[in-house]
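In what follows, every heavy atom counts, from backbone to side chain, and hydrogens, waters and symmetry copies are set aside.
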Amino acid sequence: LNSSQPRALGFTKFLREQIMSTLADSFLDDLDDLDSDGDEENDEKQEEKKPQSGEDDDASDDELDAMVSDLQAGGDLSSVASLRKSEAFTSHMARIEESMSRSAEPILGNVEEHPEYQLIVSCNEMITKIDEEMLLVYKFVVDIYSKKFPELESLVPGRLDYLKTVEVIGNEMDLTTVDLSATLPNALVISVSMTGSTTSGRPLSEADLAQCLEGCLEASALDDARTAILDFVQTRMTSVAPNVCAIIDTVIAAQLMGLTGGLVNLSKIPACNLVVIGQVKTSDRGGFGAVAAMPHTGIIYYSTAVQQCAPYLRRKALKVVAGKLSLAARIDLHQSEPSGAAGQRMRAEIDEKIAKWLEPDKARTKKALPVPDDRPSKKRGGKRARKYKEKFGMTETRKEVNKRSFGLLGTDEYGDDAMGNDMGLLGTKAGGKLRVPPKKEQRTVAKQQSRRAISLSSGATNGLSSSLVFTPVQGIELVAGKGGQGQSDAMDKVNAANQAWFSQDSGFLSARPK
């Protein structure tokens with residue numbers, strides 16, 4: 001095998017992986033179209049798709065075989081990079097140079113029919129083609145240069161940085177003599193130099209080295225064309241959609257307009273759908289979960305307005321930016337604010353909201369007590385205030401009960417007066433005109449008599465009540481108490497009444513008055 005055949009085989013492996021991934025995606029799309037019910041119509045459609053997919057597989061295999069044969073035969077860069085030589089690319093870049101020679105003017109009238117607007121929309125498709133071809137060129141160079149420095153691909157993650165590093169190093173084996181400070185940062189230069197001194201690679205042949213350098217120049221030319229297109233879009237998008245460009249980046253605004261099909265279609269899409277426009281669905285997540293694939297995030301997620309906030313707030317900021325963007329697209333469509341002042345106000349509101357979210361929670365302030373005022377507070381007067389005070393005020397009866405007379409011996413016990421069980425001056429001569437209700441006065445007198453009787457007796461409740469009386473002549477004398485005599489008199493009265501009414505000798509008496 002010659003030197004071009006291993007390179008062709010390595011690149012063939014890359015192309016085969018790309019084609020197989022596209023075939024797997026097409027199969028998944030076919031499965032998503034099937035309904036869960038599984039009716040007969042869907043079965044027939046599925047049977048019709050099977051031979052068609054088989055034909056597509058045969059066609060793709062034939063195309064792959066043709067590319068492999070070309071690579072094995074020639075193995076040059078022209079079989080991979082052919083965009084810059086195409087007529088579409090040349091005419092597109094010529095139109096851009098012609099438009100850049102003129103100054104930007106505001107677009108008035110129908111935006112969709114303006115030639116610069118159509119050129120801006122087509123720039124999005126051209127940028128996508130340039131990115132795809134740069135990837136192919138990068139894989140082509142990596143496949144060849146890995147024979148000399150296989151570790152360089154893992155050390156330099158950026159594609160354009162890798163190609164620039166290959167162009168600087170060339171076929172030099174002693175990397176200490178190569179100055180990489182203008183291409184890579186200092187920390188990466190040290191790691192590349194140390195790894196290059198211990199690498200297991202071998203020097204490339206002149207043909208392989210020429211192919212690598214040609215690939216680096218092709219990638220550099222494609223990057224320059226991409227930069228020119230982005231500059232054109234940046235200068236012209238402000239005249240097509242000034243309010244949209246004031247909210248998001250001009251490049252993202254051009255991509256969003258290209259994906260939606262123009263400014264008219266962009267203005268018709270609601271904010272909830274703008275969030276997911278441009279989302280890349282990948283079935284291979286590399287072992288990570290569904291969160292790592294960032295679902296429900298389109299190209300607006302990568303704008304400066306969203307990326308400026310913290311990662312945990314970007315989904316929240318994405319919804320706010322999409323809402324403002326839908327309003328700005330409608331303003332640009334009707335050209336009600338060609339200066340872009342409305343979009344600038346919306347962007348200021350977005351930045352203010354994000355800054356508010358990032359502020360720490362305010363601590364609870366300790367509020368000082370008011371300065372005490374010695375002057376009496378103003379009180380409301382009038383009939384209503386007097387009625388309100390009387391509702392909760394003390395009555396005259398309670399005032400008389402709370403009064404005490406000094407120097408006068410009351411009839412109640414001292415303990416009642418001390419414990420507040422008496423009526424105070426209520427109902428006494430020293431009090432006012434208020435008197436104790438009769439029933440309450442009778443109950444009070446009865447309690448006083450019973451307490452007085454208990455204090456004079458020995459404390460017995462039945463039988464004879466006796467007390468000890470001290471006399472100077474007879475000494476101690478036991479006298480029958482009055483409590484027993486009073487009890488016997490009451491029993492005699494009860495017996496006499498029973499004999500009068502319930503005796504066997506008594507008869508009916510006339511109720512007629514005599």
Side-chain angles (χ1 to χ4, degrees), residues 1-21 67-68 70-81 130-224 226-227 282 284-289 292:
L1 295 175
N2 53 17
S3 61
S4 63
Q5 288 180 346
R7 179 175 69 251
L9 292 176
F11 189 70
T12 301
K13 181 179 179 182
F14 166 71
L15 291 177
R16 186 177 296 276
E17 290 177 356
Q18 294 290 328
I19 294 175
M20 292 303 293
S21 62
M67 294 180 67
V68 169
D70 294 340
L71 287 173
Q72 290 178 352
D76 55 350
L77 186 64
S78 60
S79 59
V80 178
I130 291 175
D131 292 339
E132 291 177 356
E133 184 146 322
M134 286 184 67
L135 176 62
L136 293 176
V137 172
Y138 169 74
K139 289 292 184 182
F140 179 81
V141 175
V142 168
D143 185 47
I144 300 175
Y145 205 73
S146 59
K147 293 184 292 183
K148 178 189 179 297
F149 198 171
E151 298 87 0
L152 185 62
E153 183 181 4
S154 60
L155 293 175
V156 183
R159 298 173 185 172
L160 195 60
D161 294 338
Y162 178 87
L163 296 174
K164 290 180 179 180
T165 306
V166 170
E167 186 178 2
V168 173
I169 295 175
N171 211 9
E172 182 67 34
M173 296 302 296
D174 188 8
L175 298 185
T176 57
T177 60
V178 179
D179 185 14
L180 297 175
S181 59
T183 307
L184 300 175
N186 294 330
L188 200 57
V189 168
I190 296 174
S191 60
V192 170
S193 301
M194 293 179 63
T195 308
S197 60
T198 59
T199 184
S200 59
R202 299 178 182 177
L204 297 176
S205 61
E206 293 183 0
D208 291 342
L209 182 61
Q211 290 293 331
C212 286
L213 296 179
E214 185 181 356
C216 294
L217 294 176
E218 182 70 20
S220 179
L222 289 173
D223 184 66
D224 294 340
R226 186 177 186 274
T227 305
T282 56
D284 185 13
R285 303 189 184 99
F288 293 96

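Across Phe140 and Gln211, no two heavy atoms sit closer than the pair CZ-OE1, 3.8 Å. Contact detail for Ser191 and Leu155: the closest heavy-atom pair is O-CD1, 4.1 Å. Closest non-hydrogen pair, Val189 versus Leu184, comes out as CG2-O, 3.6 Å.
In this structure, Phe149 and Leu175 have side chains that are in contact, with non-hydrogen atoms separated by less than 4.5 Å. Asp208 has its side chain out of reach of Cys212: every pair of non-hydrogen atoms, C-beta onward, lies at least 4.5 Å apart. When side chains are defined from C-beta on, Leu160 counts as touching Met134, because their heavy atoms get closer than 4.5 Å. In this structure the side chain of Tyr138 never reaches within 4.5 angstrom of the side chain of Glu133, judged on heavy atoms.
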Exercise answer: donor-acceptor pairs, residues 165-174 side-chain atoms, under 3.5 Å, sequence neighbours excluded:
unit_1	atom_1	unit_2	atom_2	d
Thr165	OG1	Asp161	O	2.7
Asn171	OD1	Leu204	N	3.0
Asn171	ND2	Leu204	O	3.0
Asp174	OD1	Thr176	N	3.4
Asp174	OD1	Thr176	OG1	2.6
Asp174	OD2	Thr176	OG1	3.2

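Residue Tyr145 holds its OH atom at 11.5 Å from CG of Leu163, rounded to the nearest 0.5 Å. In this structure, CG on Asp223 lies 12.5 Å from CZ on Arg159, to the nearest 0.5 angstrom. Expressed to the nearest 0.5 Å, how far CD1 of Ile144 lies from NZ of Lys148 amounts to 14.0 Å. Interatomic distance, Glu218 CD to Leu213 CG, rounded to the nearest 0.5 Å: 13.5 Å.
For Met194, the side-chain contact (heavy atoms from CB on, under 4.5 Å) partners two or more places apart in sequence, or in a different chain, are Ile190.
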- Task: Please lay out, stage by stage, how Asp131 and Arg226 fare under the test side-chain contact (heavy atoms from CB on, under 4.5 Å).
- Result: CA-CA 8 Å; Asp131 292 339; Arg226 186 177 186 274; 2.9 Å; yes
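Although no hydrogens or angles enter the test, the distance criterion places no donor-acceptor pair under 3.5 Å between the side chain of Thr199 and the main chain of Thr195.
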